[in-house]
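What follows is a single structure, written as structure tokens, with notes after it.
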Number of protein chains: 2
Amino acid sequence: MASRVQSVERAAAILQVLAVEDAPTGLGELAAALGLAKATTHGLVQTLRDVGFVDQDAESGGYLIGAGLLELGSRSVDLNELRSQALNWTDALAARSRQAAHVAVYTSGEVLIAHHVFRPDSSVQQVQTGTTHPLHATALGKVLLAYDPRAVRALGAGPLESFTYRTVTDRSRLLRDLADVRDLGWAAAVEEHHPEQAGIAAPVRDRTGQVIAAVGIKGPVDALCDARHRPRTALATLVVQTGRSISREFGHGRVP
Amino acid sequence: MASRVQSVERAAAILQVLAVEDAPTGLGELAAALGLAKATTHGLVQTLRDVGFVDQDAESGGYLIGAGLLELGSRSVDLNELRSQALNWTDALAARSRQAAHVAVYTSGEVLIAHHVFRPDSSVQQVQTGTTHPLHATALGKVLLAYDPRAVRALGAGPLESFTYRTVTDRSRLLRDLADVRDLGWAAAVEEHHPEQAGIAAPVRDRTGQVIAAVGIKGPVDALCDARHRPRTALATLVVQTGRSISREFGHGRVP
DNA sequence: GTGCGCGTTCGGCATCGCCGAACGCTTGGG
DNA sequence: CCCAAGCGTTCGGCGATGCCGAACGCGCAC
């Protein structure tokens, strides 16, 4: 019978106390819940903070479950694999929508373009692969935000940066948009990042159902939206279907 | 500067090593990754197993991220609150669908009926609130399975129990069904639990977007399905809308 | 049958975890 | 304005607990 490592048990108990609460938990409250000295509890919880399993609220000094613990439950997709699985489907998407197509992942509080297909015309275009974009102002970013708690946490509590007069800078409004994304299964951003440009995006899932990336198109508002500036549903359907097809490459809904 | 609790740091490192792998990790491999003696690593990982943060594969003896860690990221909804928020919407659902309506949560590997509205006719019906049902053979269960990794893990690796000749007992087939649930945003089970009975269900989300419950209807196949035994899309739409309405009661998509 | 690698157990030692006491800061009340 | 209370944080010393090497039992392959 192996002996139990007492301090690890205590650290686990701390995490369980914090998980029950939304608001930051104070050190005194934590110590009382564990029946330990404050100094002991402090050493344990500071260690948990340093390994990223606990975050400390700057204002109150209280503690809450950390982003690093969320990371344990999140799978990072291999970018090379993502590219190779998405390649044919995004080519087809660009061809059928006649717009530029992208595949993106969430990385360090931003959208990272993992793959980019040029708009199929003779216009001058710049390679986007490897570039980063703001989460809140892009359709790809909204998809990632809708399904990844790490992304939402990375937004912080303050106002969101404005890129155009149409950028959603009110956090509550954005959260409402994210709920729409979950209800509809796709996202749009119209002139929120660049004037006269719009984007439509949909989730890419892995075999467990977790959203690991977003796929989307981007182009002029006139092409992506109807006369009332609303995304064209035929294009949204196309993007969603592409998302599902790429998801199937990762085993989602496919017999192993 | 508070000292770091070394064994807690080591335990965290163990979790990080395990999180990267799908397959069970052996003790020797773990010890090598940490640069510790096997016996030391064993004490740490056994402690993590005892607190539920690590599971041990019965066959290989290897270790993997445990269900208890998944629990840290999952919110339990208060059943009384769920009932009171769902009350009016499920009454309306039962009235409009003319079928019995249920709200259910995932608990200990099963579907737990949190709230039940009788089918609005004079038939003899039994109270279902508080009863449990199998995850894999019910529409409510499929919704919970589609969005909660704890539920999928609780299924285990063996064959699924058969209730009728139509029960999906092949795990791969079920995983494919779950992918459909995520793609469509609703689930159905036709004669999988009881002969001549069918169910349609949809997710209920909390304000962060996490699926915390499922709402659904249940009734005779003839009433819920068309001539080809496929769920009626008008009823599915009704159920999905009810799910969204209850979700809004929990703050999903609503300005706080 | 033997060797190897697996996860597990055991006992002893020294190091590290834990504690009480104190610190510095903020807030609220008199 | 001052004091008290409560907050999270730091410090040093002691003893309890974490860690280690060695060994165990099991299963598998040659």
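Proteins get letters first, then strands, A, B, ... in listed order; numbering begins at 1 in each.
Here the shortest heavy-atom pairing between A/Arg153 and A/Asp55 reads NH1-OD2, 2.8 Å. Between A/Ala213 and A/Val105, the shortest heavy-atom distance links the atoms CB-CG1, 4.0 Å. Nearest heavy atoms, B/Gly141 versus B/Val111: CA-CG2, 3.4 Å.
Atom-to-atom, CD of B/Gln6 to P of D/dA16 comes out at 20 Å; the value is rounded to the nearest Å. Spacing between atom CG of A/Leu34 and atom P of C/dG17 amounts to 16 Å, rounded to whole angstrom units. Per the geometry, CG belonging to B/Asp50 stands 15 Å off C1' belonging to C/dG7, to the nearest Å. Put simply, CG on A/Asp57 is 16 Å from P on C/dT26, counting in whole angstrom units. Look at CD1 on B/Ile14: it is 13 Å from C1' on D/dC19, rounded to the nearest Å. In this structure, CG of B/Leu44 is placed 9 Å from P of D/dG18, rounded to the nearest angstrom. Here the P atom of nucleotide C/dT8 and the CG atom of B/Leu36 are 16 Å apart, to the nearest Å. B/Leu30 has its CG atom 18 Å from the P atom of C/dG5, to the nearest Å.
Taking for each of A/Val45 and B/Ser7 the nucleotide of DNA chain D with the nearest heavy atom, the 5'-most of the two is the partner of A/Val45. Between A/Ala39 and A/Val8, it is A/Ala39 whose nearest contact on DNA chain D lies nearer the 5' terminus.
How far CG of A/Leu135 is from CG of A/Leu174: 9.0 Å, rounded to the nearest 0.5 Å.
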Sort me out a list of protein N/O and nucleotides 5-8 of chain D N/O pairs below 3.5 Å, or just none if empty.
residue, atom, partner, partner atom, Å
D/dG8, OP1, A/Leu27, N, 2.4
D/dG8, OP2, A/Leu27, N, 3.2
D/dG8, OP2, A/Gly28, N, 3.1
D/dG8, O3', A/Gln56, NE2, 3.4
D/dG8, N7, A/Lys38, NZ, 3.1

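In this structure a side-chain-to-backbone donor-acceptor pair under 3.5 Å is missing from A/Arg150 to A/Glu71. Checked by atom type and distance alone, the side chain of B/Thr167 pairs as donor or acceptor with a backbone atom of B/Glu192 at under 3.5 Å.
Considering only side-chain N and O atoms, A/Arg10 lies nowhere under 4.0 angstrom from the phosphate OP1 or OP2 of C/dG17. Under 4.0 angstrom from either OP1 or OP2 of D/dT17 there lies no side-chain N or O belonging to A/Arg4.
Between the side chains of B/Tyr63 and B/Gln46, at least one donor N or O lies within less than 3.5 Å of an accepting N or O.
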